[in-house]
**Student:** 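Just passing along the structure, written as structure tokens.
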Amino acid sequence: MALLAGISLVVVFLLLLVIGVPIAISVAGASIVTMLLIAPFDAAVFTSAQKMVTGIDSFTLLAVPFFLLTGIIMNQGGIALRLVNVARLLTGKLPGSLAHTNIVGNMLFGSIAGSSVASAAAIGKVMHPLQEQEGYDRKFSAAVNIASAPTGLIIPPTGLFIIYSLVSGGTSVAALFLAGYIPGILWGLATMVVAYILAKRKGYTAKQNQAGIRPLKVIWEAVPSLFLVIIIIGGIIGGFFTATEASAIAIIYALLLSFAYRSLSVKQLPGIFKEAVELTVVIMFLIGTSAMLSLVMAFTGIPSAISTGILSLTDNPILILLLINLILLLIGIVMDVTPAILIFTPIFLPIVMEFGMDPVHFGVILIVNLCIGNITPPGGSALFVGSTVGKVKIEEVVRPLVPFYIGIIIVLMIVTMIPALSTWLPTLAGLM
């Protein structure tokens, strides 16, 4: 049954994708067809619809649209430029300092906005004219922006850890948030090392980058934006509010801050709310259809069969992790991060827990893996946005991205093999 169901799921899912059906509907279609193998038509459709509703009936999931709305408000509320100025202050004396400014800017803004696409667009729009003025190669500039954009999906607060928490059976969101800091910063540092080496070769200097910057003024203007992260993470870790409550507080703070900066008007709010609703509907529908898929896999025993198959190949934890990493890297190339988390967490989490891996550590590995797909062809959303903002074609920027891919994959291997990088901060905070 597991083999037949697995073949049905994969064949129907891939067939629907090939003919251009959206991924959420492809997941739903494949789930219903597979359910028909084990239940009558009426029961299969009724059970699938019921699972879709119960799959999104979660208080924790309210944090996802709230954090999305926070990111959109901050993207349009004049936050990016202030964070870029702080980044320039920190990196102004390094060779290729504008590249490093771009990376640090993505880390700061991304951690607030929680979106690689928003980060690549907002920071890229600010940095691209500055880099052109100082003679930076467009392909290099675009590659730097694209490679560092996903750091905001790992450095909290981020909705991906909330989704993983739900799918993994209630892993602590606070622990996951803290676990993302070191891996996310390591990703940023790896891109900075690569950018430093390439900038030295290309002869990019810092000769004009600090012109006109007044340190105290820059820091003073950026502190309110950075304080949002302290409020969210500090409040969750301190037990003052849950991740969902923190996301609602973040919206209020982002609105007040944007109005205080006078970079957002009341007339813009309907458009912002509309964009947030559209993104939320897409994500929630995807979560609902993925809940159907989880039900089908549970009934047919697919996760158990895959687990048995992998464990029959080897019982060496390192080899199993390398195999899972390879599979997830390939999945990330063709599938967006959110559906991949929803589909593959129930498959791989039981396998790694067989040899004692903590769900928090695995969550970080999973998300770092899938975020790499965010910047790789053919389906990387940050790759498309970064290329558009950088005014280069995708085929032109892929080759300059290769050294960054190598650095990021080295970070992935380090995070995979050294659990303490993910678990140290949550343990220190008494969350593990």
Side-chain angles (χ1 to χ4, degrees), residues 75 80-81 83-84 87-88 90-110 113 115-154 186-209 329 332-334 336 371-412:
N75 193 21
L81 180 59
L83 296 177
V84 164
R88 290 182 71 186
L90 296 172
T91 62
K93 295 184 179 180
L94 294 172
S97 63
L98 288 182
H100 301 299
T101 299
N102 196 325
I103 295 167
V104 175
N106 273 332
M107 293 169 70
L108 293 173
F109 183 80
S115 167
S116 61
V117 171
S119 190
I123 302 299
K125 285 177 182 176
V126 174
M127 294 306 304
H128 178 69
L130 297 175
Q131 290 170 318
E132 274 203 321
Q133 286 175 16
E134 294 207 8
Y136 281 58
D137 177 57
R138 277 188 181 180
K139 296 187 286 291
F140 170 73
S141 299
V144 168
N145 187 37
I146 292 165
S148 57
T151 52
L153 296 176
I154 305 167
L186 285 176
W187 180 316
L189 290 175
T191 56
M192 288 182 75
V193 169
V194 174
Y196 179 89
I197 294 169
L198 295 177
K200 288 281 283 186
R201 290 180 181 176
K202 294 175 179 290
Y204 299 145
T205 65
K207 56 187 177 183
Q208 296 177 8
N209 294 337
L329 284 170
I333 289 173
V334 296
D336 197 30
C371 283
I372 295 174
N374 215 238
I375 57 173
T376 55
S381 53
L383 175 65
F384 287 116
V385 172
S387 300
T388 302
V389 172
K391 300 179 182 179
V392 293
K393 296 179 181 177
I394 290 176
E395 56 268 26
E396 293 176 330
V397 79
V398 170
R399 187 172 178 181
L401 274 169
V402 170
F404 292 99
Y405 291 149
I406 294 170
I408 293 165
I409 289 174
I410 289 172
V411 168
L412 170 63

**Student:** What's the shortest heavy-atom distance between Pro150 and Ser116, and which atoms?
**Tutor:**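 So the minimum-distance heavy-atom pair works out to CA-CB, 3.8 Å.
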
**Student:** Over all heavy atoms of both residues, which pair between Val389 and Ala121 is shortest? Give the atoms and the distance, please.
**Tutor:**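 Taking Val389 first and Ala121 second, the nearest heavy atoms are CG2-CA, 3.9 Å.
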
**Student:** Can you give me the closest heavy-atom contact between Pro129 and Gly124, atom names plus distance?
**Tutor:**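 Heavy atoms only, the tightest pair is CD-O, 4.4 Å.
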
**Student:** Testing the basics here: between Trp187 and Ser148, what is the closest heavy-atom pair and its distance to 0.1 Å?
**Tutor:**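 Between these two residues, the closest heavy atoms are NE1-CA, 4.4 Å.
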
**Student:** Apply the side chain to side chain contact (heavy atoms under 4.5 Å, CB included) test between Lys139 and each candidate in Val144, Leu401, Val398, Val392; give the one that qualifies.
**Tutor:**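 In the set Val144, Leu401, Val398, Val392, the residue that makes a side chain to side chain contact (heavy atoms under 4.5 Å, CB included) with Lys139 is Val392.
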
**Student:** Starting at OH of Tyr405, measure out to CD1 of Ile375 and round the result to the nearest 0.5 Å.
**Tutor:**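 If we round to the nearest 0.5 Å, Tyr405:OH and Ile375:CD1 are 5.5 Å apart.
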
**Student:** Which distance, rounded to the nearest 0.5 Å, do you find between the CD1 of Ile408 and the OG1 of Thr376?
**Tutor:**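 Nearest 0.5 Å value for the CD1-OG1 distance: 10.0 Å.
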
**Student:** Can you measure from CG (Asn145) to NZ (Lys125) and round to the nearest 0.5 angstrom?
**Tutor:**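 Reported to 0.5 Å precision, the distance equals 11.5 Å.
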
**Student:** Is there a donor-acceptor pair under 3.5 Å between the side chain of Gln133 and the backbone N or O of Leu130?
**Tutor:**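 Side chain of Gln133 to backbone of Leu130, a donor-acceptor pair under 3.5 Å: no, none is there.
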
**Student:** Please test Leu329 against Leu412 for side chain to side chain contact (heavy atoms under 4.5 Å, CB included), starting from the C-alpha separation and ending with a verdict.
**Tutor:** CA-CA 10 Å; Leu329 284 170; Leu412 170 63; 4.1 Å; yes

**Student:** Any side-chain heavy-atom pair from Gln131 and Asp137 closer than 4.5 angstrom?
**Tutor:**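 The answer is no; the side chains never approach within 4.5 Å.
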
**Student:** Measure the CZ-CG distance between Phe140 and Leu198 for me, rounded to the nearest 0.5 Å.
**Tutor:**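 So the gap between those two atoms works out to 5.5 Å.
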
**Student:** Looking at every heavy atom in both Ser387 and Val397, which two are closest together, and how far apart are they?
**Tutor:**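 Heavy atoms of Ser387 and Val397 come nearest at OG-CG1, 3.6 Å.
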
**Student:** Stepwise, does the side chain to side chain contact (heavy atoms under 4.5 Å, CB included) test hold for Val193 with Ile197?
**Tutor:** CA-CA 6 Å; Val193 169; Ile197 294 169; 4.1 Å; yes

**Student:** List the atom of Ile103, the atom of Ala195, and the distance in Å for their closest heavy-atom pair.
**Tutor:**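 Smallest interatomic distance, heavy atoms only, reads CD1-CB, 4.0 Å.
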
**Student:** Once rounded to the nearest 0.5 Å, what's the spacing between atom OG1 of Thr191 and atom CZ of Phe404?
**Tutor:**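 It is 7.0 Å, given to the nearest 0.5 Å.
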
**Student:** Are side-chain N/O atoms of Asn106 and Ser119 paired as donor and acceptor at under 3.5 Å?
**Tutor:**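 Side chains of Asn106 and Ser119: pair found under 3.5 Å.
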
**Student:** Within this structure, what is the OG-CD distance for the pair Ser141 and Glu132, rounded to the nearest 0.5 Å?
**Tutor:**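 It is 8.0 Å, given to the nearest 0.5 Å.
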
